[in-house]
Amino acid sequence: MQGWLNLPTLCHFLLPWTFTTLHKTLGDPASHRGPNYLLPPIHEVIHSRRGDTTTLPCVLGTLPPSYKVRWSKVELGELRETLILITNGLHARGYGALGSRARMRRGHRLDASLVIAGVRLEDEGRYRCELINGIEDESVALTLRLEGVVFPYQPSRGRYQFNYYEAKQACEDQDGRLATYAQLYQAWTEGLDWCNAGWLLEGSVRYPVLTERAPCGGRGRPGIRSYGPRDRKRDRYDAFCFTSALAGHVFFVPGRLTLSEAHAACRRRRAVVAKVGHLYAAWKFSGLDQCDGGWLADGSVRFPITTPRPRCGGLPDPGVRSFGFPQPQQANYGTYCYSE
């Protein structure tokens with residue numbers, strides 16, 4: 001019939017109109033998306049050491065008409081964020097213990113980077129830089145990672161004595177903190193092989209195995225073995241602690257000393273008996289190598305080896321060797337002192 005459009009011709013005219021109408025009805029995500037003020041970080045992991053001053057970068061691509069920047073730390077295993085600092089570009093206010101050591105870098109007018117002075121062990125973790133700008137809030141996440149060393153720890157009473165909270169306190173008493181899974185994994189790649197299971201900061205219980213053997217879970221691939229979910233108050237294991245570089249230094253005092261004489265020997269040198277974390281840090285970062293057992297503050301006797309040799313423990317790998325916890329009255333050892 002003349003004057004009527006056939007079906008192919010009709011579709012040719014209607015389809016573009018249909019897609020245009022649906023596009024406007026459903027909305028184009030790109031057309032409704034607000035401006036991205038925060039630039040993505042080039043490096044999402046920032047490496048540092050204890051005691052250093054470090055910068056967490058956060059840069060704006062352009063300035064909003066009005067805004068605030070909120071810095072916070074995501075507390076691992078606690079499902080919460082700790083506020084550190086808020087700024088409106090002109091003035092900044094810090095919050096909490098970390099906020100007292102934090103400031104804005106302000107290298108230029110688009111700079112919202114956070115500077116942390118005197119980095120501590122507990123500063124490691126996940127951080128968030130959030131731009132608060134009405135309904136168009138944005139954020140970038142960064143991870144601060146400390147260079148350090150993981151060491152297994154158990155008290156003089158023997159293995160598997162700590163619940164989670166006691167393990168956490170034990171690490172702090174030895175100049176450390178409970179290690180994270182990432183720190184334990186890094187230590188495993190560097191040679192840590194340990195049969196006893198220990199608490200980690202996340203609340204899990206694991207142990208690293210490089211060489212399979214019957215007392216360490218039997219046959220299986222090398223890796224980080226897991227005990228699965230554990231009760232933080234009831235279940236008891238060892239602890240995996242983490243420490244980083246020292247502000248001071250560790251030195252050895254030879255002799256045949258009891259534990260009380262070891263304390264006196266360090267005091268005469270304006271120092272204190274070193275903690276376990278001090279000795280591990282000195283071994284890791286200062287290359288301390290001493291083929292002599294020495295008292296430490298927890299009553300244990302240990303010595304650090306960076307160059308393995310037959311008459312220094314007999315083991316083929318570097319590490320901190322342990323004589324366990326002798327009777328404090330035994331006058332058979334020197335002492336390791338720590339001085340700032």
query: Going from CG on L144 to OG1 on T54, what distance comes out if it is rounded to the nearest 0.5 angstrom?
result: 5.5 Å
query: So which heavy atom on V205 is nearest to which on A197, and how close?
result: CG1-CB, 3.6 Å
- prompt: Can R70 and E81 be counted as an ion pair, charged N to O under 4.0 angstrom?
  reply: yes
Gap between atom OH of Y227 and atom OH of Y207 - 0.5 Å precision: 5.5 Å
Sequence neighbours excluded - side-chain hydrogen bond (donor to acceptor under 3.5 Å, both in side chains) pairs with any residue from residues 286-297: D289-T306, D289-R309, Q290-D292
- request: In plain terms, say whether E44 and R145 are close enough for a salt bridge, that is, a side-chain N and a carboxylate O under 4.0 Å apart.
  value: no
Cationic N near anionic O, under 4.0 Å, K73 to E75: yes
field: Check ion pair R177-E124 (N to O, under 4.0 angstrom)
entry: no
query: Any link between F240 and Y185 through a network of hydrophobic side chains (Ile, Leu, Val, Met, Phe, Trp, Tyr) touching at under 4.5 Å?
result: yes
- prompt: Given the rule that I, L, V, M, F, W and Y join up when any side-chain heavy atoms are under 4.5 Å apart, are L200 and Y160 in one cluster?
  reply: yes
- prompt: When clusters are formed by joining ILVMFWY residues with side-chain heavy atoms under 4.5 Å apart, either directly or through shared neighbours, do I224 and L210 land in the same one?
  reply: yes
- prompt: If only atom types and distance count, is the side chain of E138 paired as donor or acceptor with the main-chain N or O of Y37 below 3.5 Å?
  reply: yes
query: Would you say the side chain of I46 lies within less than 4.5 Å of the side chain of T143, judging by non-hydrogen atoms?
result: no
- prompt: Does F303 have its ring centroid less than 6.0 Å away from the ring centroid of F323?
  reply: yes
Mind listing the side-chain donor-acceptor pairs of residues 98-106 below 3.5 Å, one per line with the distance, residues two or more places apart or on another chain?
from: S100; atom 1: OG; to: A97; atom 2: O; distance (Å): 2.6
from: R101; atom 1: NH1; to: A117; atom 2: O; distance (Å): 3.1
from: R101; atom 1: NH1; to: G118; atom 2: O; distance (Å): 3.1
from: R101; atom 1: NH1; to: D123; atom 2: OD2; distance (Å): 2.9
from: R101; atom 1: NH2; to: D123; atom 2: OD1; distance (Å): 3.0
from: R101; atom 1: NH2; to: D123; atom 2: OD2; distance (Å): 3.2
from: R105; atom 1: NE; to: D111; atom 2: OD2; distance (Å): 2.8
from: R105; atom 1: NH2; to: D111; atom 2: OD1; distance (Å): 3.4
from: R105; atom 1: NH2; to: S113; atom 2: OG; distance (Å): 3.1
from: R106; atom 1: NH2; to: L90; atom 2: O; distance (Å): 3.0

statement: When rounded to the nearest 0.5 Å, the distance separating CG of L38 from OG of S139 is 7.5 Å
- request: Determine whether L146 and F285 fall in the same hydrophobic cluster, where Ile, Leu, Val, Met, Phe, Trp and Tyr are linked whenever their side-chain heavy atoms lie under 4.5 Å apart.
  value: no
Listed pairs under 3.5 Å, donor-acceptor, residues 264-280 side chains, sequence neighbours left out:
from: R269; atom 1: NH1; to: A265; atom 2: O; distance (Å): 2.9
from: K275; atom 1: NZ; to: D173; atom 2: O; distance (Å): 3.4
from: H278; atom 1: ND1; to: K275; atom 2: N; distance (Å): 3.0

field: Flag side-chain contact, heavy atom, 4.5 Å: V140 against C58
entry: yes
query: Once you round to the nearest 0.5 Å, how far does CG of L60 lie from NE2 of H108?
result: 9.0 Å
- request: Indicate yes or no: does D52 engage R120 in a salt bridge with an N to O separation below 4.0 Å.
  value: no
- prompt: Ignoring hydrogens and geometry, is there a side-chain-to-backbone donor-acceptor pair from W71 to L83 under 3.5 Å?
  reply: no
field: Euclidean distance, L192 CG relative to T189 OG1, rounded to 0.5 Å
entry: 9.5 Å
message: Would you say the ring centers of Y164 and Y237 fall short of 6.0 Å from each other?
response: no
